[in-house]
Structures are given as structure tokens and as C-alpha cells.
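Shown next, in C-alpha cells, is the structure this report addresses.
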Amino acid sequence: MNEQHNSLKQIIQGRIEKLQTLKNDGVNPYPHHYSPSHQSADIHANYTELEGKTVRVAGRIMSMRKMGKASFCHIQDSSGKIQSYVRRDDVGEDSYKHFKLLDIGDFIGIEGYVFKTKTEETSIHAAALTVLSKSIRPLPIVKEKDGETFDAFSDKEQRYRNRHLDLIVNPDVRKTFVDRAKILSHLRSYLDNLGYLEVETPVLQPLYGGANARPFKTHYNSLDQTYFMRIADELYLKRLIIGGIDKVYEMAKIFRNEGIDRNHNPEFTMLEFYEAYGDIYSMMDLVEDMLRTAAEKVGKLQLNWGDMEIDLSKPFEKKPILELLKDATGEDLGNATVDELVTICKKHKLSIPDQLNYGRLLDELMRRLVEPNLIQPTFVVDYPKEISPLAKSHRNGDPSLVERFELFIGGAEFANAFTELNDPIDQRERFESQKRLMEEGEDEAHPVDENFLQAMECGMPPTGGVGIGVDRLVMLLTENRWIKDVILFPALRSVD
RNA sequence: GCGCCCGUAGCUCAAUGGUAGAGCAGUGGCCUCUUAAGCCAUUGGCUGAAGGUUCGAGUCCUUCCGGGCGUACCA
């Protein structure tokens with residue numbers, strides 16, 4: 001970055017000179033290939049069998065302790081670190097001279113026999129060294145002793161902008177992303193095993209839909225049309241249900257044009273899955289089991305999330321939204337008018353949304369008064385129809401309710417699911433009322449999607465559908481409180 | 001978007017408005033079981049950028065850039 005700074009310039013210049021010295025001595029600092037026989041973790045795990053045997057390991061030099069005619073270094077590979085003892089009389093004078101030209105950050109291959117130092121640290125007694133890649137830019141120097149870390153590379157901005165450095169020097173970061181991969185892999189195989197088909201639907205869409213959110217807008221040059229980045233893949237997946245793919249899912253990158261904070265990144269991953277002949281009740285069972293088994297894959301059912309202790313081993317609770325609101329406000333909000341909701345919001349000293357409608361007000365009450373208290377996993381059910389334009393009317397006959405659940409854990413939303421609305425006449429009416437909301441200024445109302453309606457008119461089976469916020473799930477299961485810590489390259493303003 | 005805080009060497013951090021420092025890393029030297037290796041010496045800065053106040057600014061003021069935290073938006 002700041003190439004004008006002399007200190008960094010000098011370090012880089014010095015390393016380039018060492019690089020040249022190696023070349024002049026006939027050493028190729030960037031060879032094409034090396035064949036390690038073991039990973040460092042293998043050697044630690046199988047010390048007894050390997051003691052005295054010759055191994056080859058390859059990795060990045062993370063520390064060096066050079067003495068006159070012998071040195072120790074630690075090298076790091078993808079499984080961890082291992083120490084090597086490099087003695088001039090064993091590797092030869094030239095090779096030792098070249099070794100002393102290496103820096104922290106360089107890659108080397110070490111061939112030698114496995115032994116333990118007098119302090120009982122498993123090490124490799126080097127017989128041959130191979131330079132595998134010379135680095136010319138310095139790494140952050142992190143030291144540790146007895147599990148304590150010194151001068152950790154901790155500046156969040158630097159870590160996110162230089163994730164490669166973060167991964168090299170902060171082992172927990174790697175672990176989080178290994179766990180993330182395990183979780184995603186589990187979600188997929190869980191659905192695969194149930195006979196679901198994984199699909200991909202358009203990211204660039206002529207019309208957005210399937211959620212309440214502001215989209216990113218772009219221009220498609222060759223069509224000379226406005227396109228949107230998807231805010232959900234729901235409507236496309238339902239078209240596939242209509243098309244006869246009875247069990248379908250997509251691990252979808254979603255884009256929403258909204259703020260960045262510890263729980264939100266403008267692009268994030270959502271798993272949506274739909275099952276013909278299912279409903280929210282069958283989907284609840286599936287989701288509960290899917291999340292619990294995902295937690296088992298990462299190794300913990302009892303999680304510390306911030307200062308909350310969350311237990312995924314117990315059955316998830318189920319509670320109607322209006323009951324939760326009644327407990328919180330003392331009022332029955334089932335048939336409340338907008339004015340009444342405003343009064344209640346004021347009574348609880350809540351901010352009044354700019355866009356005054358039933359949905360916004362109810363959401364405000366939920367967010368402030370109910371959601372923060374939903375710490376243990378809770379399925380909130382029986383949502384008002386007005387805020388659920390894609391969900392089917394409730395089978396209990398109450399015309400104001402739909403079959404929907406949202407799963408809350410640790411005060412945050414993890415899943416949203418419907419018994420999908422499959423009545424095309426009803427769906428058209430719901431879109432019409434969304435359109436009226438939009439005309440009243442609600443900028444997150446669903447636009448009418450005529451193509452989707454026509455598809456539904458061709459007949460859609462009863463269906464259960466779920467969306468799961470994958471990043472949030474990873475946050476919970478890896479006990480991270482910041483979404484930036486579970487996304488490798490989180491959104492940051494670019495530096496010009 | 002709004003509010004508060006922050007930005008000093010490659011990394012981690014100091015510096016009542018009065019000459020910009022330390023540790024690690026780097027460089028040179030000594031050192032064949034070290035491990036935050038050690039000992040001796042030493043390089044490295046336009047203090048995020050631009051203006052202003054002042055005899056004098058890392059420090060105070062304004063604007064801009066970037067970040068953090070909170071809040072809003074975001075189900």
C-alpha cells in the first residue's frame with residue numbers, strides 16, 4: 001500500500017537482493033513442484049511410527065531462530081506447524097548459507113528425519129532444504145508462548161482487506177472457514193439425501209421479488225434494460241416446483257441494497273428449499289433436525305454466542321406471533337388498526353416508522369419487544385396475512401392469518417418459511433394489495449410478477465418452503481458475533 | 001444516513017501544544033537443542049489527506065478519505 005514509506009521499501013529491496021543472491025548461486029527461488037510426504041499434523045499425530053524416519057514437508061516459514069551454525073524454524077502448512085532443526089554440518093555449507101538468506105514468509109521444502117528436541121518438541125532434523133518460493137513483502141509478526149499471543153495482527157480493517165494475511169497468522173480464522181465449509185456441505189448433503197435437487201437460478205433478474213428488500217439495480221447494455229440483482233430466489237424455485245421438480249433447493253448468493261453492520265452484509269448466502277406436498281409443519285421438523293445435525297458436524301450443541309448460552313439439543317419451541325405480542329404489550333393486536341399500533345408503539349417508546357402500515361408497525365413491535373427475548377430456538381408461527389404475501393391462508397379458517405414460521409435463535413432470525421400460497425387467484429390479489437402499498441410509498445413492497453402468476457395459474461402443488469440465512473447459521477455454530485468474520489471478503493468501502 | 005471514537009515504522013503500541021519513541025521484524029556482528037532464543041551495534045517516519053489557529057500541531061479547529069462501535073435501514 002504505502003509504497004512511499006522507506007522502511008517498507010527497504011525491506012522489500014533487501015529481500016529482492018537476497019532473491020538475486022540465491023539466483024546467482026544457482027538456486028531457483030520459484031521451482032515448479034515439490035512432493036511432500038507428510039503434513040505437519042500427520043507427523044505430530046504419528047510420532048511413534050515416524051520417529052527416525054525420513055519425511056518431506058513443505059510450508060511457509062513462520063519463525064526463525066538462527067544461530068551461527070545451526071538454526072530452528074517453524075514452518076506452517078495447511079494442517080498446522082512443525083519445527084525444523086537445520087544444522088550446517090547436516091545440510092552442507094552452501095545450503096545453510098542459502099537458508100540464512102530466507103525470511104519469515106518464504107516457502108520451503110524440508111527433507112529430514114523426525115525426532116524430538118531435548119524440550120520434547122516434535123521436529124524434523126533437516127538433511128535437505130529446497131526453496132519453494134521467496135517472499136519479498138513482510139508478513140505481520142505474531143509471537144506466541146504457552147498459548148498466549150503477542151502483537152496479534154488485530155486491526156480489523158487490515159484483516160478484512162488482507163484476508164490472506166489474516167489466514168496466515170490467525171489460526172482461528174482458518175478454523176471458522178473450515179467449519180463454514182463443513183456446515184454448507186452438511187446442508188447440501190442433508191437435502192441431497194432426502195432426494196432434493198440442487199439448482200441454480202438467475203442472479204440477474206428483470207424483476208426482483210420473493211422478499212421485502214431494496215435491490216441493487218444495474219443496466220443490461222445489450223438488452224438496453226434495467227436489471228436487478230436478486231433479493232431472493234423464491235419465485236424461480238416455485239416455478240421449478242410447478243415444473244415438477246418436487247424437491248428443490250439452491251444455495252444462493254443474495255444481494256440486498258442496505259446497510260452494513262455486524263449482522264448484515266450486502267451480499268450473503270441463503271439456502272432456500274421447497275418440497276411439494278409439504279407444509280410449514282413438515283418443514284419445521286426438517287429444519288430443526290437439519291440445524292441440530294449441522295451443529296453436531298461442527299462439534300457443539302451448546303453454544304456461547306456473545307453472552308448468550310444457546311442449547312440446540314432441546315426441542316425448539318413453537319409460539320404464535322400474536323401470543324408473543326400479547327405477552328409483550330398486553331394487547332390483542334389481531335385486528336388492530338394502524339392508529340392503534342402507533343399508540344402502542346408510542347406507549348413503549350418505540351420509533352414510529354416513516355412508512356405507516358400494519359406490516360411496518362408490527363415489525364417494529366416484534367423487533368423491539370419480542371425478538372430480543374427469543375434466545376433459545378423458537379419457531380414463531382401464525383403470521384398476519386398482510387405481511388406475508390406469498391404464504392397460504394391458515395387452515396384454521398382465520399382469514400387474517402397465514403401458515404408461516406420464522407425461526408429465532410439468540411434474538412436473530414434464522415429461517416423464514418411458508419406453506420406456500422398456490423391459489424393463483426389469491427396470489428394475484430396479494431400482489432395487488434402489495435401494489436397498493438407501493439403506491440402508498442412502501443418502497444419494499446413486492447412488485448407484481450406476471451410471469452410468476454401465469455406459472456402458478458398452470459397449477460402448483462401444495463408446497464412447503466424455507467429460507468435459511470446461512471451466514472447467520474455459520475455465525476452461531478462457530479460462535480462468531482460478526483458477520484464479517486464468517487465471510488472471507490466482507491463488503492468494505494474501496495480505497496481509491 | 002445519524003452519533004461517538006479511532007488512523008503514528010512492515011506488525012503491536014507510546015509521546016501535559018515544545019527535538020516523534022519502544023518492542024518485535026529488518027540490517028551487520030557473535031552464537032551447533034532454540035522456541036516471545038540471547039548478547040552487541042544499527043536502518044527505518046512528511047504522524048491517513050488537505051486546509052486553518054499558533055512563535056510552535058501527532059496533539060486544537062474545518063473538510064475529505066478509511067475503519068470501529070452504537071443507532072437507523074434491513075424481517
Side-chain angles (χ1 to χ4, degrees), chain A residues 1-15 17-18 62-74 81 83-91 96 103-105 115-121 123 125 135-162 165 169 211-214 231-232 254 256-266 268 321 351 353-355 359-360 362-364 366-367 370-371 380 383 387-388 404 406-408 412-416 443-444 467 469 482 484 492-496:
Chain A
M1 254 174 256
N2 295 319
E3 295 295 347
Q4 69 274 18
H5 285 315
N6 280 331
S7 61
L8 180 55
K9 240 186 190 167
Q10 276 178 11
I11 291 170
I12 291 176
Q13 190 51 42
R15 290 199 182 192
E17 282 162 19
K18 291 193 212 175
M62 295 303 288
S63 66
M64 299 182 92
R65 291 174 292 285
K66 297 179 196 173
M67 292 167 285
K69 300 182 186 65
S71 301
F72 287 87
C73 64
H74 276 96
K81 288 182 193 170
Q83 181 174 255
S84 180
Y85 179 42
V86 180
R87 208 163 63 165
R88 189 193 64 178
D89 294 351
D90 294 312
V91 297
Y96 193 69
D103 293 289
I104 289 172
F115 79 112
K116 277 194 178 170
T117 62
K118 69 180 182 191
T119 54
E120 291 294 296
E121 178 168 349
S123 307
H125 194 124
S135 67
I136 59 171
R137 185 178 291 270
L139 254 42
I141 300 297
V142 178
K143 299 223 170 190
E144 55 188 52
K145 186 192 187 181
D146 303 329
E148 199 181 344
T149 302
F150 300 84
D151 299 337
F153 181 56
S154 56
D155 183 299
K156 285 193 175 194
E157 180 177 4
Q158 296 295 352
R159 289 181 46 222
Y160 299 140
R161 288 194 194 279
N162 299 292
L165 297 178
V169 303
N212 305 83
R214 272 187 294 270
I231 59 170
I254 301 293
R256 295 189 181 172
N257 207 337
E258 56 198 37
I260 298 171
D261 64 25
R262 66 191 299 187
N263 293 308
H264 295 86
N265 195 64
F268 62 100
I321 184 171
S351 62
D354 297 340
Q355 296 164 85
R360 289 268 181 182
L362 205 70
D363 190 46
E364 179 71 14
M366 273 298 285
R367 179 177 316 167
V370 176
E371 290 174 16
V380 177
Y383 278 71
I387 58 172
S388 314
R404 173 182 184 182
E406 290 194 297
L407 172 62
F408 287 90
E413 187 199 336
F414 276 71
N416 184 21
D443 57 2
E444 286 170 8
W482 284 270
K484 281 189 168 83
L492 294 174
R493 201 178 291 270
S494 59
V495 192
D496 45 353

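Just so it is clear, the structure is predicted and the values come from calculations on it, not from any experiment. Atoms considered below: every heavy atom in the structure, side chains included; atoms not considered: hydrogens, waters and symmetry mates. Sequence lines set the chain letters: A, B, ... in the order given, protein chains first and strands last, and positions in each chain run from 1.
- Side-chain N/O atoms of A:W482 include one lying less than 4.0 angstrom from OP1 or OP2 on B:C69.
- Partners of A:D443 under the salt bridge (charged side-chain N to carboxylate O under 4.0 Å, His left out) rule, at least two apart in sequence or in another chain, are A:R214, A:R360.
- Listed here is the closest heavy atom pair of A:A213 and A:I231: O-CD1, 3.8 Å.
- Distance CD1 (A:I260) to P (B:G68): 8 Å, rounded to an integer number of Å.
- Rounded to whole Å, the distance from CD1 on A:I12 to P on B:G44 is 17 Å.
- A straight line from CG of A:L8 to P of B:U47 spans 17 Å, rounded to a whole angstrom.
- Across the protein-nucleic acid pair, A:F72 atom CZ and B:C31 atom P stand 17 Å apart, rounded to whole Å.
- Taking every side-chain heavy atom of A:F150 into account, B:A36 is the closest of B:G67, B:A36, B:C73.
- Counting non-hydrogen atoms under 4.0 angstrom, A:R65 reaches a base of the nucleic acid.
- The residue A:K118 sits close to a base: some heavy atom pair falls under 4.0 Å.
- With sequence neighbours excluded, no residue forms a salt bridge (charged side-chain N to carboxylate O under 4.0 Å, His left out) with A:D151.
- Taking atom P in both B:G23 and B:C61, the straight-line distance is 32 Å, to the nearest Å.
- A straight line from CG of A:L492 to P of B:G66 spans 11 Å, rounded to a whole angstrom.
- The shortest distance between side-chain heavy atoms of A:R256 and A:E444 does not fall below 4.5 Å.
- Position along RNA chain B of the nearest nucleotide to A:A213 versus A:H125 favours A:H125 as the more 5'-ward residue.
- Using atom P as the reference point in both B:A57 and B:G18, the two lie 11 Å apart (nearest Å).
- Here, B:U59 and B:C5 have their P atoms 16 Å apart, quoted to the whole Å.
- Residue A:Q83 is in base contact, counting any heavy-atom pair closer than 4.0 Å across all strands shown.
- In this structure, B:C33 makes no Watson-Crick or G-U wobble pair, since no nucleotide meets both defining distances under 3.5 angstrom.
- In this structure A:R159 satisfies the salt bridge (charged side-chain N to carboxylate O under 4.0 Å, His left out) test together with A:D166, A:D485, sequence neighbours excluded.
- Ranked by how close their nearest RNA chain B nucleotide is to the 5' end, A:H74 and A:I387 are led by A:H74.
- Proximity of A:D103 to A:M64: side-chain heavy atoms (C-beta onward) are nowhere separated by under 4.5 Å.
- Summarising the geometry, atom CG belonging to A:N265 is positioned 8.5 Å from atom CG belonging to A:L492; distances are rounded to the nearest 0.5 Å.
- Checking B:U34, B:G66, B:G44 against every side-chain atom of A:M67, the shortest atom distance belongs to B:U34.
- In the interface, the side chain of A:D261 is not paired with the base of B:C69 through any donor and acceptor atom under 3.5 Å apart.
- If you take atom P in B:U63 and the same atom in B:U27, they sit 45 Å apart, rounded to whole Å.
- Base-pair partner of B:G23: B:C11 (Watson-Crick or G-U wobble, both distances under 3.5 Å).
- By the salt bridge (charged side-chain N to carboxylate O under 4.0 Å, His left out) test, A:E406 is found to be paired with A:R404, residues two or more places apart in sequence or in another chain being considered.
- Within the 4.0 Å cut-off from OP1 or OP2 of B:G66, not a single side-chain nitrogen or oxygen of A:R161 is found.
- Among the protein residues, A:N416 comes within range of the nucleic acid bases, having at least one heavy atom under 4.0 Å from a base atom.
- At least one donor-acceptor pair under 3.5 Å links the side chain of A:D155 to the backbone N or O of A:Q158.
- Between A:R262 and the phosphate of B:G70, there is a side-chain N or O to OP1/OP2 separation shorter than 4.0 Å.
- Annotation: side chain of A:S71 is in contact with side chain of A:Y96 (closest heavy-atom distance under 4.5 Å).
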Restricting both atoms to N or O, compile the protein contacts to nucleotides 26-28 of chain B shorter than 3.5 Å, with distance only.
unit_1	atom_1	unit_2	atom_2	d
B:U27	OP1	A:K18	NZ	2.5

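- To the nearest whole angstrom, the two P atoms, one in B:C55 and one in B:A50, are 23 Å apart.
- For the pair A:V380/A:E371, no side-chain contact is recorded, criterion being any heavy-atom separation below 4.5 Å from C-beta on.
- Within 4.0 Å (heavy atoms only), A:E148 reaches no atom of the nucleic acid at all.
- Across all strands shown, B:U53 forms no Watson-Crick or G-U wobble pair with both distances under 3.5 Å.
- Regarding A:E364, its CD atom lies at a distance of 12 Å from the C1' atom of B:U71, rounded to whole Å.
- Taking atom P in both B:U34 and B:G21, one finds a spacing of 37 Å when rounded to whole Å.
- Residue contacts for A:F268: at a heavy-atom cut-off of 4.0 Å it reaches no nucleic acid atom on any strand shown.
- A:Y85 and A:F115 have tilted rings, their planes meeting at an angle from 30° to 60° on a 0 to 90° scale.
- For A:R214, the listed nucleotide lying nearest its side chain is B:C73; candidates were B:A36, B:C73, B:A9.
- Summarising the geometry, the separation between CG on A:N263 and C1' on B:C69 is reported as 13 Å, rounded to the nearest angstrom.
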So which protein N/O to nucleotides 11-14 of chain B N/O distances come out below 3.5 Å?
unit_1	atom_1	unit_2	atom_2	d
B:U12	OP1	A:D155	N	3.4
B:U12	O2'	A:D151	OD1	3.4

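- Under the Watson-Crick and G-U wobble criteria, each requiring two contacts below 3.5 Å, nucleotide B:U59 is left unpaired.
- Distance A:E157 CD to B:G68 P: 7 Å, rounded to the nearest Å.
- Partner assigned to B:G1 is B:U71, using Watson-Crick or G-U wobble distances below 3.5 angstrom.
- B:G28 and B:U43 have their P atoms separated by 14 Å, with the value rounded to a whole Å.
- As judged by a 4.0 angstrom heavy-atom cut-off over every strand, A:K484 is placed among residues touching the sugar-phosphate backbone only.
- Taking the C1' atoms as reference points, B:C11 lies 37 Å from B:C73, given to the whole Å.
- Note on A:K116: every side-chain N or O is 4.0 Å or more away from OP1 and OP2 of B:C33.
- For A:R493 and B:G67, the shortest distance from a side-chain N or O to OP1 or OP2 is below 4.0 Å.
- When both pairing distances are held under 3.5 Å, B:U16 makes no Watson-Crick or G-U pair with any nucleotide shown.
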Would A:I104 and A:I141 count as a side chain to side chain contact (heavy atoms under 4.5 Å, CB included) if you check the C-alpha gap in whole Å, the side-chain angles of each, and the deciding distance to 0.1 Å? CA-CA 9 Å; A:I104 289 172; A:I141 300 297; 4.0 Å; yes

